[in-house]
**Student:** 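Structure below; questions to follow.
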Number of protein chains: 2
Amino acid sequence: MIEDAVNPPNVTLEEIARAAGVSPSTVSRILNGTARVLPAKQKAVEQAIARFNYRPNVLARSLASGKTDTIGVLTQTVSSPFYAEWLRGIEDGLQEPGFTPLFVSSRWNVKDEVSRMEQFIARRVDGVIMLHSQLDEPSLIGYSRHAPLLVLGRSLQISASLASLALDNLQGARDATRHLLEQGHREIAFIAGPPDHEDAIERLNGYRMALEDAGIGFDVDRVEQGDYLETGGEAAMERLFARGASFSAVFCANDQTAYGARLTLFRRGLRVPEDISLVGFDDLPTSSYMTPPLTTVRQPTYEIGRLAAQGIVQMIRRQPVTLSPVSLTLMTRETTRRIVPSSRPGDSPL
Amino acid sequence: MIEDAVNPPNVTLEEIARAAGVSPSTVSRILNGTARVLPAKQKAVEQAIARFNYRPNVLARSLASGKTDTIGVLTQTVSSPFYAEWLRGIEDGLQEPGFTPLFVSSRWNVKDEVSRMEQFIARRVDGVIMLHSQLDEPSLIGYSRHAPLLVLGRSLQISASLASLALDNLQGARDATRHLLEQGHREIAFIAGPPDHEDAIERLNGYRMALEDAGIGFDVDRVEQGDYLETGGEAAMERLFARGASFSAVFCANDQTAYGARLTLFRRGLRVPEDISLVGFDDLPTSSYMTPPLTTVRQPTYEIGRLAAQGIVQMIRRQPVTLSPVSLTLMTRETTRRIVPSSRPGDSPL
DNA sequence: TTGTAGGCGTTATCAG
DNA sequence: CTGATAACGCCTACAA
């Protein structure tokens, strides 16, 4: 029998108190469970709240209490399929402890990244999670003085208010390359990520290391520059061919790059994996639906997101943070294929 | 020469005023450009702000001013590739007018949707944009009394505080089906979306309508239920075959469904488009990188996001809202192919 | 042009 | 257990 009349939007705690015949502090106590209150008053207040459809003003509450129950989450692009699962993990992980994530994008731009952080501070978030920050360590330490800061995808000197969770990109890239080697490939091309990305560099190093482990020289001629985007992979693959590079497999610094490379192969009438083997990195949700399903290095991003959520909450509560490093695993699917050892070395797909 | 000492986190406007030798209101005025101030004081204040690295407390400001410059954005899943571009469009569109989006997911769950809206109200957002709400119209109208509400992907009775922007799903589906018909296909299967989604129903109707326009009966046997996800498309396609349905083309209610269907075709050794033509809906960013690139109906989601951002700001400013309906366009790529009329009617790919 | 004072809606500290 | 009362940090008349 609750009337759905045109309720004057903003009911305040004080009005509830008056309606219930108690003092504002009592209402506040009931709202927060701060102290025991007589059942009778409790009930009166609850009824008033229901009747007026009262909702505490979060702003006022935060101002008074000094906490906002908000976590700033800085991502490079909210729209990247790569970050999507991370965000979901974070959102889910923050749900139960009662925090709200504030997602913003820096668009791979250091200046934006700074302004977003300033915004977080101005909004008095209780903590910040950064996905792939480009800021230098001193800056990060500076920000961590305002609120606990957790940086994903980097490894930093940690403190009580600064933590990081790194992924073993090097290992992942090494495994992927090794897989190709085990299949008999000797000429493995690599399409790199942005040269200024820490993880892109690690992946390149992993590729290189695996090659050297196998006694195969690292050949610059088989490496092309990509940009982590489909278009970059497409173009890089094109350049590889234009340059007459010889290879039987291509390892791409990330899945999006692999998608682009795949398209170029398709355009040139080359079959995957019959003519060329292809490996990606990230294991985006759609990668297992490519034709054929892409062999790639899986990053458990959703789980990492949850871990991060859990970690930042622990930091806020001044509890010890437990962030064990996450390992990446190769998902062997159908874009790689064993090469017959009899094939003449130096065989070019061209 | 700014010292980066361990600054006591929270400098207040009052401290700035004291340091600059002026009153708090003067500082406030300078901060907001509310009134002219003597150049000398202006400078003194600016210096103090810089020196103390002062950042106004957004909470206090909002509480006092009654506006938060925040827009609640309710999406079904932050992590869906489908919503990604919308979010980006909204974020970009909100940037310039100075609003911050607050992204949350309802996970396709009405209960969550309600609680998110409550949260928005509690946070006193200045406006709300909903992507595909499942709430009924009365509820939406109710919420719109708290703050301007803009619903995307639905068509509603509009008012000064409630607007909607619908997409012509029916038209899009009709065009797609017609395209297939023009290519000579007569047996066109359809993998539908969730039966309780307005747009899924519209797409089914568009398919049906095109068939009837062409004088071809709508055949339930060629329709399978999907769920807008890859796995659903995969399974639906499988069922289509298991049931022995006969078709030369498949139209999927969305791209993710098409991805799944594509995989099933691949598994069965059927070529696209040589054996079966395939059409999707949405034009996700990766669709043009499928093998072969997917023919699909494009929704200009990024642009819609920007439009929505612009629209909600107009509503907040009590300006007339201009939301012209958005049309969808067929992107003819390479998963569809003209069928030779000579092929015996009733030809089954099996 | 500038300062004073009151208020925004809650929480939190103290008596009682 | 409960009610005043003072913050929280800023904005905005109002007055000077």
Side-chain angles (χ1 to χ4, degrees), chain A residues 7-46 48-49 52-70 98 119 121-126 146, chain B residues 7-46 48-49 52-70 98 119 121-126 146:
Chain A
N7 40 357
N10 287 339
V11 188
T12 72
L13 181 149
E14 198 176 338
E15 304 182 55
I16 296 297
R18 204 177 313 139
V22 298
S23 77
S25 0
T26 298
V27 178
S28 174
R29 282 192 263 266
I30 292 176
L31 247 32
N32 304 298
T34 314
R36 289 195 64 75
V37 170
L38 277 188
K41 302 201 174 185
Q42 168 111 18
K43 205 176 147 199
V45 170
E46 277 164 359
I49 289 180
F52 289 94
N53 206 246
Y54 165 72
R55 301 190 201 69
N57 182 323
V58 174
L59 299 166
R61 193 201 288 255
S62 298
L63 183 59
S65 70
K67 349 171 286 173
T68 56
D69 290 341
T70 295
Q119 210 178 102
I121 296 176
R123 292 194 110 81
R124 302 294 190 266
V125 298
D126 291 340
H146 290 278
Chain B
N7 39 357
N10 288 339
V11 187
T12 71
L13 181 149
E14 197 178 341
E15 304 181 57
I16 296 297
R18 207 178 312 142
V22 298
S23 78
S25 26
T26 299
V27 178
S28 173
R29 284 192 261 264
I30 293 176
L31 248 31
N32 305 300
T34 314
R36 289 194 66 75
V37 170
L38 277 189
K41 303 201 174 185
Q42 166 111 19
K43 206 175 145 197
V45 169
E46 278 165 359
I49 289 179
F52 288 94
N53 207 247
Y54 166 72
R55 300 189 201 71
N57 182 324
V58 174
L59 300 166
R61 192 201 290 255
S62 298
L63 184 58
S65 69
K67 349 171 288 169
T68 57
D69 289 340
T70 295
Q119 212 178 99
I121 296 176
R123 289 194 113 79
R124 301 293 190 267
V125 298
D126 291 341
H146 290 278

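Note on naming: letters A, B, ... go to the chains in the order of the sequence lines (proteins, then strands), and numbering restarts at 1 for each one. Computed from a predicted model, the values in this text were never measured in an experiment. Just so it is clear, the values below take in all heavy atoms, side chains as well, and ignore hydrogens, waters and symmetry mates.
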**Student:** Between D/dT2 atom C1' and A/Arg18 atom CZ, what is the distance in whole Å?
**Tutor:** 18 Å
**Student:** Measure the CD1-CZ distance between B/Ile16 and B/Arg18 for me, rounded to the nearest 0.5 Å.
**Tutor:**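 The CZ atom of B/Arg18 is 10.0 Å from CD1 of B/Ile16, to the nearest 0.5 Å.
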**Student:** Look up atom OG in A/Ser62 and atom CG in A/Asp126, then write down how far apart they are to the nearest 0.5 Å.
**Tutor:** 8.0 Å
**Student:** Please tabulate, one pair per line, all N/O donor-acceptor pairs under 3.5 Å involving side-chain atoms of residues 29-37 of chain A, not counting sequence neighbours.
**Tutor:**
| unit_1 | atom_1 | unit_2 | atom_2 | d |
| --- | --- | --- | --- | --- |
| A/Asn32 | OD1 | A/Arg61 | NH1 | 2.8 |
| A/Asn32 | ND2 | A/Ser28 | O | 2.8 |
| A/Asn32 | ND2 | A/Ser28 | OG | 3.4 |

**Student:** Tell me, for nucleotides 9-16 of chain C in 5' to 3' order, what letter each nucleotide earns: B for a base near a protein heavy atom under 4.0 Å, S for only sugar-phosphate near one, - for neither?
**Tutor:** BBSB----
**Student:** Rounded to the nearest 0.5 Å, how far apart are CZ of A/Arg124 and CG of A/Leu63?
**Tutor:** 9.5 Å
**Student:** For residues B/Asn57 and B/Thr12, determine if any side-chain heavy atom of one lies less than 4.5 Å from a side-chain heavy atom of the other.
**Tutor:** no
**Student:** Would a 4.5 Å heavy-atom cut-off, applied to side chains only, mark A/Asn53 and A/Val11 as touching?
**Tutor:** no
**Student:** Taking the side chain as every heavy atom from C-beta outward, state whether B/Thr26 and B/Ser23 have any pair of such atoms under 4.5 Å apart.
**Tutor:** yes
**Student:** Between A/Val45 and A/Ile49, is a side chain to side chain contact (heavy atoms under 4.5 Å, CB included) present by the stated rule, with each step listed?
**Tutor:** CA-CA 6 Å; A/Val45 170; A/Ile49 289 180; 3.9 Å; yes
**Student:** Once you round it to whole Å, what is the distance between P of D/dG9 and CD of B/Glu15?
**Tutor:** 8 Å
**Student:** Would you mind reading off the bend of the helix from C/dT1-D/dA16 to C/dG16-D/dC1 from its two end axes, five pairs each, to 10 degrees?
**Tutor:** 40°
**Student:** Indicate whether OP1 or OP2 belonging to C/dG3 is found under 4.0 Å from a side-chain N or O atom of B/Thr26.
**Tutor:** yes
**Student:** May I ask you to evaluate whether B/Lys41 reaches the phosphate of C/dT2, defined as a side-chain N or O under 4.0 Å from OP1 or OP2?
**Tutor:** yes
